[in-house]
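One structure is given below, encoded as structure tokens.
Just so it is clear, the model here is predicted, and its values are computed rather than measured.
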Amino acid sequence: MSRRIDIELTSTRPDGTWTWRAAGAREPKGVLDGGILPGGAKVGDVLKAEADLDVDGITILSVAGGGRVRKEPNRLEIKPSDRPFEPISVQLAQRDRSGDGRRPRRDRPGGDGRGDRRAPREGREPRDRNDRGDSRRGPEGEARAPRGDRPPRERREQRPHFAPPPEMPQRPKAKRLKPGRAHRTEVLAAIPEEQRAIAELALQGQAAVRQRIREHNTQLKAEGKPEMPEPSVMRMAEELMPKLRVAEWLDRAEAAQRDLDDLDLKDLRSVVASGEDPIIVRDESTRSLAATLKTALAAKQEKAMGEWLEDIATAVEIGRVVRALKMAGEPPKAGTRLPEELAARLAGAAAAGLTADASSERWIALVESVAFSPVRTLVTPAAAPTQVSDELRTTITRLAPAVPQIAALFGVSVAPGTPMPKPPRGPRRPERKPAQRPAEPGVRGNARPVAAPPAPDAAAPDPAPEAPSAVEPVPSAEPTHAAAADANAETEPTL
């Protein structure tokens with residue numbers, strides 16, 4: 001496709017060709033045959049040309065005559081001067097550092113003498129700076145005193161403020177158990193390739209294996225293919241189960257042994273409890289490690305008990321009663337009772353905070369903490385608050401079965417057989433949920449049908465029987481072996 005453009009001749013070559021470029025620009029540019037130029041063409045002429053534009057470039061087909069010379073831009077001529085050069089020096093004014101460091105004002109003594117810009121006009125009286133109209137007068141209409149004569153800020157009415165109690169010393173955060181896969185990978189590598197998928201699925205339980213077989217057989221039946229024998233596959237999974245369970249426990253136990261000093265007490269207790277499984281106990285490679293972890297659990301549990309009691313006493317001493325009540329309800333060992341002396345101090349501190357002049361928000365925070373603490377029956381306030389909000393009354397009604405002595409101050413009675421309130425649920429940690437499968441008869445969810453493990457604290461010596469006390473033991477849910485196994489289950493392999 002051809003079009004007209006303005007080109008400028010830039011140079012001539014010995015072979016009779018000329019170089020050109022777009023008029024007034026650097027590009028496009030190229031070479032044209034000198035035979036198509038009009039007579040008298042010279043470098044710098046601007047001509048109208050017929051050009052062909054294609055993928056190979058621009059080809060000049062013809063050039064119209066009557067070229068014009070490019071007009072050069074106007075330039076300024078700089079002529080030298082005969083006068084000698086005189087440099088210019090600049091000196092900045094120095095800041096006045098005398099007195100308070102501020103510059104002198106024009107209307108103050110010692111100013112620069114040039115007068116005040118805000119001086120009154122002729123015929124007007126100078127205005128008193130302290131007299132600024134009715135908006136600057138006192139409550140009775142009298143003029144306020146100058147700023148220098150006003151009472152200091154300390155004499156003014158102080159606003160009510162609340163000084164928060166000091167912070168508690170923070171203990172290092174315990175590490176969570178991060179088991180490896182060395183023993184498990186070694187066992188899976190020794191299993192034949194055709195049985196490896198069944199072995200990985202067997203770690204999730206017999207119910208998972210049975211469900212996968214039924215799904216696979218349903219698919220084979222729809223395709224007209226022979227089905228897999230379910231009893232044979234289940235027998236194969238049962239034969240592989242002991243080695244897999246031992247390898248899985250060894251991975252968890254060795255990870256717990258590496259981080260024994262900083263490991264979370266619940267994770268260590270879970271490993272020790274799962275080590276009581278008959279399949280793991282019968283294996284000789286686990287006995288020495290299981291005994292070491294039991295001894296470490298007893299020592300770690302005793303240390304945690306001492307730190308727990310120390311933290312509660314510190315919280316009561318510095319005035320963090322709500323924090324102390326919550327810690328008292330979370331003992332390191334299930335069923336632990338607070339010492340009577342510490343329980344009396346904690347109950348007295350809680351009752352001292354429930355005063356008649358305390359706010360409803362303070363009552364709600366304390367009553368909720370007391371209701372789920374082991375000293376809930378020992379806290380008896382002297383009187384109800386003078387101002388009761390609707391939120392406080394709703395809270396008292398909900399927690400009345402746990403603290404009937406406090407509910408009586410608000411006129412709330414508890415009917416016999418009323419269920420106890422449930423503690424508030426904390427934020428859940430995001431975790432991967434396993435796929436839902438129908439449960440095997442007699443088995444909950446995906447849990448494996450294994451023998452019931454002993455209590456989590458079976459490794460520690462049983463405490464001596466104590467006399468009846470008003471301080472209630474706080475039960476805490478401990479992870480069972482089946483739950484711990486489900487938490488470490490992997491994604492199902494393809495059977």
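Glu391 CD: 12 or fewer foreign heavy atoms inside a 6.0 Å radius. Annotation for Gln405: atom CD counts as buried by contact number, over 12 foreign heavy atoms lying within 6.0 Å. Around the CD atom of Glu302, the shell of radius 6.0 Å holds no more than 12 heavy atoms that belong to other residues, nucleotides or ligands. Counted within 6.0 Å of NZ on Lys243, heavy atoms from surrounding residues, nucleotides or ligands total 12 or fewer; the atom is thus considered open. The environment of Glu307 atom CD is dense: over 12 non-hydrogen atoms of other residues, nucleotides or ligands sit within 6.0 angstrom.
Between Lys333 and Thr336 there is a side-chain heavy-atom pair separated by less than 4.5 Å. In this structure, the side chains of Leu203 and Arg184 come closer than 4.5 Å at one or more pairs of heavy atoms. With contacts defined as side-chain heavy-atom distances shorter than 4.5 Å, the pair Ile396/Ile406 qualifies. Between Thr286 and Val281, the closest side-chain pair of non-hydrogen atoms is not below 4.5 Å. Taking 4.5 Å as the limit, some side-chain heavy atom of Leu177 sits within range of a side-chain heavy atom of Pro179. Between Val403 and Thr377 the shortest side-chain heavy-atom distance does not fall below 4.5 Å. Residues Asp262 and Pro172 have side chains not in contact (no heavy-atom distance under 4.5 Å, counting atoms from C-beta outward). Within the 4.5 Å cutoff, the side chain of Asp277 has heavy atoms near those of the Ile280 side chain.
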Inset, instruction - Could you walk me through whether Gln219 and Lys225 pass side chain to side chain contact (heavy atoms under 4.5 Å, CB included), step by step? - result: CA-CA 9 Å; Gln219 183 179 359; Lys225 299 180 180 179; over 6 Å; no
Inset, instruction - Show your reasoning for whether side chain to side chain contact (heavy atoms under 4.5 Å, CB included) applies to Leu392 and Arg362. - result: CA-CA 10 Å; Leu392 174 58; Arg362 181 65 175 171; over 6 Å; no
Legend entry - salt bridge (charged side-chain N to carboxylate O under 4.0 Å, His left out) evaluation trace for Arg214 with Glu227: CA-CA 9 Å; Arg214 293 174 181 176; Glu227 302 179 7; over 6 Å; no
Inset, instruction - Go through Ile312 and Leu338 one step at a time and tell me if the side chain to side chain contact (heavy atoms under 4.5 Å, CB included) criterion holds. - result: CA-CA 10 Å; Ile312 295 176; Leu338 282 176; 3.9 Å; yes
Inset, instruction - Take Val367 and Leu354, measure what side chain to side chain contact (heavy atoms under 4.5 Å, CB included) needs, and give me the verdict at the end. - result: CA-CA 8 Å; Val367 171; Leu354 298 174; 4.3 Å; yes
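Listed here is the closest heavy atom pair of Pro332 and Ala304: CG-O, 3.6 Å. Heavy atoms only, all atoms of each residue included: Ala351 and Val379 are closest at N-CG1, 4.0 Å. When all heavy atoms of Ala384 and Leu409 are compared, the closest pair comes out as CB-O, 3.8 Å. What you find for Val271 and Trp249 is that their closest heavy atoms are O-NE1, 3.1 Å. Leu240 and Ala199 make their closest contact through CD1-CB, 3.8 Å (heavy atoms, listed as atom of the first residue, atom of the second, distance). The two residues Leu346 and Ala324 come nearest to each other via the heavy atoms CD1-CB, 3.6 Å.
Side-chain atoms of Thr386 do not come within 3.5 Å of backbone N or O of Asp357 as any donor-acceptor pair. In terms of modelled atom types and a separation under 3.5 Å, the side chain of Asp267 and the main chain of Arg176 share no donor-acceptor contact. Trp308 places a side-chain N or O within donor-acceptor distance of the main-chain N or O of Met327, the cut-off being under 3.5 Å. The closest donor-acceptor contact from the side chain of Thr397 to the backbone of Arg393 lies under 3.5 Å. Looking at Ser369, its side chain never comes within 3.5 Å of a backbone N or O of Arg323 through a donor-acceptor pair.
To the nearest 0.5 Å, the span separating CG on Leu342 from CZ on Arg337 amounts to 14.5 Å. In this structure, CG in Leu297 is found 10.0 Å from CG in Leu263, a value given to the nearest 0.5 Å. With rounding to the nearest 0.5 Å, the separation of CG in Leu265 from CE in Met305 is 10.5 Å. Rounding to the nearest 0.5 Å places CE of Met234 at 4.0 Å from CZ of Arg210. Considering CD of Glu248 and CG of Leu250, their distance stands at 10.5 Å, rounded to 0.5 Å. Summarising the geometry, atom CG belonging to Leu244 is positioned 6.0 Å from atom CG belonging to Leu188; distances are rounded to the nearest 0.5 Å.
Under the 3.5 Å distance criterion, with hydrogens and angles disregarded, a donor-acceptor pair is assigned to the side chains of Glu215 and Gln211. Between the side chains of Arg252 and Ser270, at least one donor N or O lies within less than 3.5 Å of an accepting N or O. With no hydrogens or angles considered, a side-chain donor-acceptor pair links His183 and Glu254 at under 3.5 Å.
Between Glu310 and Arg171 there is a salt bridge, with a side-chain nitrogen of the basic residue lying less than 4.0 Å from a carboxylate oxygen of the acidic one. Looking at Lys175 and Asp264, no side-chain N of the basic residue comes within less than 4.0 Å of a carboxylate O on the acidic one, giving no salt bridge. Salt-bridge formation is not detected for the pair Arg212/Glu230: no Lys NZ or Arg NE/NH1/NH2 atom is positioned less than 4.0 Å from an Asp or Glu carboxylate oxygen. With salt bridges taken as basic N to acidic carboxylate O contacts below 4.0 Å, one links Arg196 and Glu193.
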